[in-house]
Amino acid sequence: MGTSTSVKNMSGEELMNVGLIILNSDYDAKYLDGYFESLPGVKEDKPMIEGMLKDYIRYVFENVEDIGAKLADLKQEVDATLKGRKIGRLHFHFSGHGTRNQDPNQPEAKAGDFCLIGSGSSAKLIPGQKLKQELWKWNTNKLTITFDCCRGEINLVEDSFS
């Protein structure tokens, strides 16, 4: 039996399965009084996640600085690819750093919000709640989200450049 990127609903309408995969392994963004360590093991996640979503139309990105902006840009691309067909299941996967925001000057998140952390020196935080709101805008019947990241206190590498 061949693989399929679509399913049919009870009305016989074709619904497409879409997988969004973000794999952030390179970190050098300053946050509070330190830096997040790079995560070389994230690269090992790629074949496993792609295999798990083998029957999906997959969009895979590595080292995304601004996850919110990437999702907004990608939605337009996916809409064009689907040509009016609806999404049956949207699966979002993130491997990288996550944290509870502790920076009172962070415009994207309130103190204590769980956030995903973008990669690179201009990394942006995206609160988990905002991420879910953005993903529901994709007009999907089902949404699944997997996070492979810490969601508690942050562990920073001491800023040795000061």
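Just so it is clear, the values below take in all heavy atoms, side chains as well, and ignore hydrogens, waters and symmetry mates.
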All pairs passing salt bridge (Lys or Arg N to Asp or Glu O under 4.0 Å) where [range] contributes a residue, at least two apart:
| range | value |
| --- | --- |
| residues 61-72 | K46-E62 |
| residues 133-146 | E134-K137 |
| residues 111-121 | none |

Taking all heavy atoms of [X] and all of [Y], pick out the closest pair and write down the distance.
| X | Y | answer |
| --- | --- | --- |
| V64 | F61 | CG2-CB, 3.6 Å |
| W138 | L71 | CZ2-O, 3.5 Å |
| C115 | P127 | SG-CA, 3.8 Å |
| G118 | A123 | O-CB, 3.0 Å |
| K83 | A80 | CG-O, 3.2 Å |
| S95 | V42 | CB-CG1, 3.8 Å |

Problem - pair N141-K86: side-chain heavy atoms closer than 4.5 Å - result: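 No, side chains not in contact.
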Problem - Contact check, side chains of H91 and N17, non-hydrogen atoms, under 4.5 Å - result: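 No, too far: nothing below the 4.5 Å cut-off.
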Output the distance between atom [atom1] ([X]) and atom [atom2] ([Y]), rounded to the nearest 0.5 Å.
| X | Y | atom1 | atom2 | result |
| --- | --- | --- | --- | --- |
| N24 | D148 | CG | CG | 11.5 Å |
| L116 | H97 | CG | NE2 | 12.0 Å |
| R100 | Q102 | CZ | CD | 10.5 Å |
| I49 | I22 | CD1 | CD1 | 12.5 Å |
| F94 | L20 | CZ | CG | 13.5 Å |
| L135 | K130 | CG | NZ | 12.0 Å |

Exercise for the section: Kindly indicate, with the supporting measurements, whether the criterion side-chain contact (heavy atoms from CB on, under 4.5 Å) is fulfilled by L131 and F114. Expected result: CA-CA 11 Å; L131 174 76; F114 163 66; over 6 Å; no
Problem - Those residues that, when tested against S38, pass side-chain hydrogen bond (donor to acceptor under 3.5 Å, both in side chains) (two or more places apart) - result: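 Checked S38 against side-chain hydrogen bond (donor to acceptor under 3.5 Å, both in side chains); zero matches.
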Practice task
Would you check, one step at a time, whether the test side-chain contact (heavy atoms from CB on, under 4.5 Å) holds for I21 with Y56?
Solution key: CA-CA 11 Å; I21 303 168; Y56 286 58; over 6 Å; no
Handout entry: Test side-chain contact (heavy atoms from CB on, under 4.5 Å) applied to L23 and D45, step by step
Key = CA-CA 8 Å; L23 304 163; D45 292 348; 4.1 Å; yes
Exercise for the section: Output all residues satisfying salt bridge (charged side-chain N to carboxylate O under 4.0 Å, His left out) with K124, sequence neighbours left out; order by chain, then residue number. Expected result: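 Testing K124 for salt bridge (charged side-chain N to carboxylate O under 4.0 Å, His left out), a comparison that skips the adjacent residues, returns none.
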Exercise for the section: Using the test salt bridge (charged side-chain N to carboxylate O under 4.0 Å, His left out), find all partners of K132 that sit at least two apart in sequence or belong to another chain. Expected result: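 Scan of K132 (salt bridge (charged side-chain N to carboxylate O under 4.0 Å, His left out), adjacent residues dropped) gives none.
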Exercise for the section: Answer yes or no: does atom NZ of K75 have more than 12 heavy-atom neighbours from other residues, nucleotides or ligands under 6.0 Å? Expected result: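 Counting other residues, nucleotides and ligands, NZ of K75 exceeds 12 neighbours.
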Exercise for the section: Show your working on side-chain contact (heavy atoms from CB on, under 4.5 Å) between T81 and Y59 and close with a plain yes or no. Expected result: CA-CA 12 Å; T81 299; Y59 296 85; 3.5 Å; yes
Problem - Any donor-acceptor N or O pair under 3.5 Å, side chains N63, S119 - result: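 The answer is yes; a qualifying pair exists.
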